[in-house]
Amino acid sequence: MNKWRNIFLAESTLVPLAAILLGLLTGALAMLAGGFDPLLAYQSLLKKVFGNAYNFGETIRQITPLIFTGLSVAFAFRTGLFNIGAEGQFIMGMLASVYIGIVFDLPAYIHAPLAILAGALAGGLWGAIAGYLKAARGVHEVITTIMMNWIALYLANYILASFLVPEGKQNSEPVKETAVITIGWLSQMFDSARLHWGTLLALIAAVVFYVLLWKTKLGFELRAVGFNPHASEYAGMNVNKNVVNAMLIGGMFAGIGGACETLGVFHYMSISAAMPGYGMDGIAVALIGGNTPLGVILGAILFGMLSFGASGMKFGAGVPVELIRVVIASVIFFVAAHGIVRYLLKPVLAKQKEGS
Amino acid sequence: MEKLALFFPFFLSFFYAFFISSANGVNCLDQGQTVVEMRGITKRFPGIVANDNVNLVVRKGEIHALLGENGAGKSTLMNILFGLYQPDEGQIFINGKEVQITNPNVANELGIGMVHQHFMLVEPFTVTENIILGNEPRSGLKIDINKAARQVVELSHRYGLKVDPHAKIENISVGMQQRVEILKTLYRGADILIFDEPTAVLTPQEIHELIEIMRNLVKEGKTIILITHKLKEIMAACDRVTIIRRGKVIDSLAVADTNPDELAAKMVGREVTFRVEKKPSVPKDVILSVENVTTMGNRGVNALNGISFEVRAGEILGIAGVEGNGQSELIEVLTGLRKVQEGTIRLNGKEITNQSPRVISESGLSHIPEDRHKRGLVLDFSMSENMVLETYFHPEFNQKGFLNYEAIDKHAERLIKEFDVRTPSIHTPARALSGGNQQKAIIAREVDKNPDLLIAAQPTRGLDVGAIEFIHKRLIEQRDKGKAVLLISLELDEIMNVSDRIAVIYEGKIVGIVDPKETDEQELGLMMSGGKTMSGGGNG
């Protein structure tokens, strides 16, 4: 019992919690200033998320890709890299999986895994390009990954338009039934909310994230390079190889996320003028989660709830979408600026130190 | 009434200062008035008290040494005086007036200048530009560079600081760069100059010149506080010395009334031996042979110019030299961190030229790096992880790509016990340890690899006397086990005490190999500066 109390009151738990509360509070002030009822707004947010089975299922659907992109950003961050390119890696994952899903004709037990694997590889390679440019040419990964996002978007549009989308349409053909990873019975339980195996894969990915980084030789090298490339070089590690590896694995997480989104939710991919946005939200999720796998899952849940519940705030309390983004942004702000939170929490934290 | 109350503390301090100076004045009437007084200074950092109720009195026109081991708190005290830190308790009086030095600008206005250990100069700028930086004489919107240069020349004549006002910093010697730093403080009107370990980067000849300069400055009415842990300099240059140990003032006395042994004992808190105990060496086979190695430095010019030497089993070869003469590049070349353009390196007869650091390390070479934070440790890794930084992939720790953390922890526990590394736990991040314990941990790791050749680069930099003794003992132990040791150090004393042979490096070449028993500092100093005396600068 005491242990649980300690975990709950530990600084690493208390600070993000306080940050989230402060963010919601600031959001409430913004809503008040705009003449809306924040209590009603948050109430409708919760009602939207937990109100009925369909919406609850859809919230889970919303959370899933965020776990993947969050893990992607967090993984790169653990190895000293800033992966802004989860977005592009996600798109490449979608594209590869939809291609395999449409073009191949295979039994289900091969087809779906193959499509996901293709998505992982496409996302991974897309990330690895940025890693290679950093290792071989010293180009900063922030620059390359941002550019690669746009290349991914328009490359995907081009390939879709040229090979996969029937003329005059916006959407590709649907993937074959054998490549679909939607869970039919579960969807039915949730009033046909679009639930799929990808959620389970996301949780597995979080475990893989942990084991890979903290239990394996590869993870030891990746973390060493992330913390101190000079000492890693001195210790005989190949820093450049590890940079490529880190971006490859990070990209794979995002790529699987993209694959699950097409195979599990939409079953097709559309020509799109804008990015899906999961990659950018993944940065925030990784930040909220402190780049730990469990933190990423929790961050994705928070983020998914906020962004899915946003429509509830709109209908229930008339809060415009822009203001809802302000709420989300304030939460991120306080999580990122944990110095401020720590400052505000000083009395509480000091008391704890005395107590322990 | 209110005004009077405001003045009251001032009166009080005035009387107090008067009382103090008259009490001390009995035996030093001609010492002039007190310019700096720090009273009851306490500064706490998380976990330690860096300064504990420290009192310091510096009189006008004296060279006052602040003596203490590394981490004793002397730099903290001076950073407080220079406004970089705020004291938790205590008062500071400059010329009898209580002051609050909230930042270095306030210190400048009060006439306090600091010559930092690591020079704060803009390399591509000229001497004049560096001196006036932030305080430029203007004519209209333009900087009046000619006027500035005239002022610099004037200052340099007045205090005997020879500099070329139009030379670029990157092209002048370290000694001249230091003179630029001194001029910088003088240009800002400093009367009280703090020198932070100024001799660390100088040759013996340059040290003499520096002492000469300090005497000139004092003659012109300046006051100097010299932070140092070198007793020789204190005896040669200073008037008074205040000894700090573990944040507390141990004593403050006139240099004329003391001797190096007494100072050392006060500094360390026990009797210390300066000589390193060791048997004569018994050199055997050649372990490392370096032949005509040439490599490019970071500045695009050759850092090593056909360097050749050998290290035999059972001996310690010391490499002496002024910083920046190719030592760092030599280490990097030997350990595989830098490519060789020409020449060959052999370890145990096997060629290791341009091999990867891992291949070289696995061939029997261990390396205590000169910068332990940059190269030696991953500070955010636990001690346990740091202890296997070079061996984590060996079968004893690594099974099919998965690490056996149980074995890794056991290994760390053994090493930490064997080498007496003081750490709360093996899971403590390396960052949390003191410098001495970090260095001990590195040495534990490197020696445990049982190498044929151990390269020790600056192994005692920034460590206290106790840790230095420990490390020297371990180096000699390696030698007595029949291993080869290559010691590269800027501390001449260390080189002379520990090595069996001394090779002097100058501009990327060995200019001579001498026997430490048959040489002295003078000869080494001459060799270190290329056989000529360094007068007025030279050409870095």
Other residues, nucleotides, ligands: >12 heavy atoms within 6.0 Å of [X] [atom1]:
{"X": "B:Tyr85", "atom1": "OH", "result": "no"}
{"X": "A:Phe227", "atom1": "CZ", "result": "yes"}
{"X": "B:Lys339", "atom1": "NZ", "result": "yes"}
{"X": "B:Arg422", "atom1": "CZ", "result": "no"}
{"X": "A:Tyr132", "atom1": "OH", "result": "no"}

Kindly indicate whether the side chain of B:Pro369, heavy atoms from C-beta on, has any atom under 4.5 Å from the side chain of A:Tyr234. yes

For the residue pair B:Phe381 and A:Phe220, is the inter-centroid distance of their aromatic rings smaller than 6.0 Å? yes

Could you tell me if A:Lys217 sits above the aromatic ring of B:Phe402, with its cationic atom closer than 6.0 Å to the ring centre and no more than 45 degrees from the axis? no

[X] portion near chain A, given a 4.5 angstrom heavy-atom threshold:
{"X": "B:Gln355", "result": "neither"}
{"X": "B:His373", "result": "backbone"}
{"X": "B:Glu332", "result": "neither"}
{"X": "B:Tyr405", "result": "side chain"}
{"X": "B:Arg431", "result": "neither"}
{"X": "B:Leu377", "result": "backbone"}

Between atom [atom1] of [X] and atom [atom2] of [Y], what is the distance when rounded to the nearest 0.5 Å?
{"X": "A:Lys215", "Y": "B:Leu403", "atom1": "NZ", "atom2": "CG", "result": "9.5 Å"}
{"X": "B:Tyr392", "Y": "A:Thr216", "atom1": "OH", "atom2": "OG1", "result": "10.5 Å"}
{"X": "B:Leu389", "Y": "A:Met237", "atom1": "CG", "atom2": "CE", "result": "4.5 Å"}
{"X": "B:Lys374", "Y": "A:Glu233", "atom1": "NZ", "atom2": "CD", "result": "8.5 Å"}
{"X": "A:Ser232", "Y": "B:Arg375", "atom1": "OG", "atom2": "CZ", "result": "10.0 Å"}

Most heavy-atom pairs under 4.5 Å with chain A, out of B:Glu446, B:Gln399, B:Glu362, B:Lys400, belong to B:Glu446

Minimum heavy-atom distance A:Gly236-B:Pro357, with the two atoms named: CA-CB, 4.0 Å

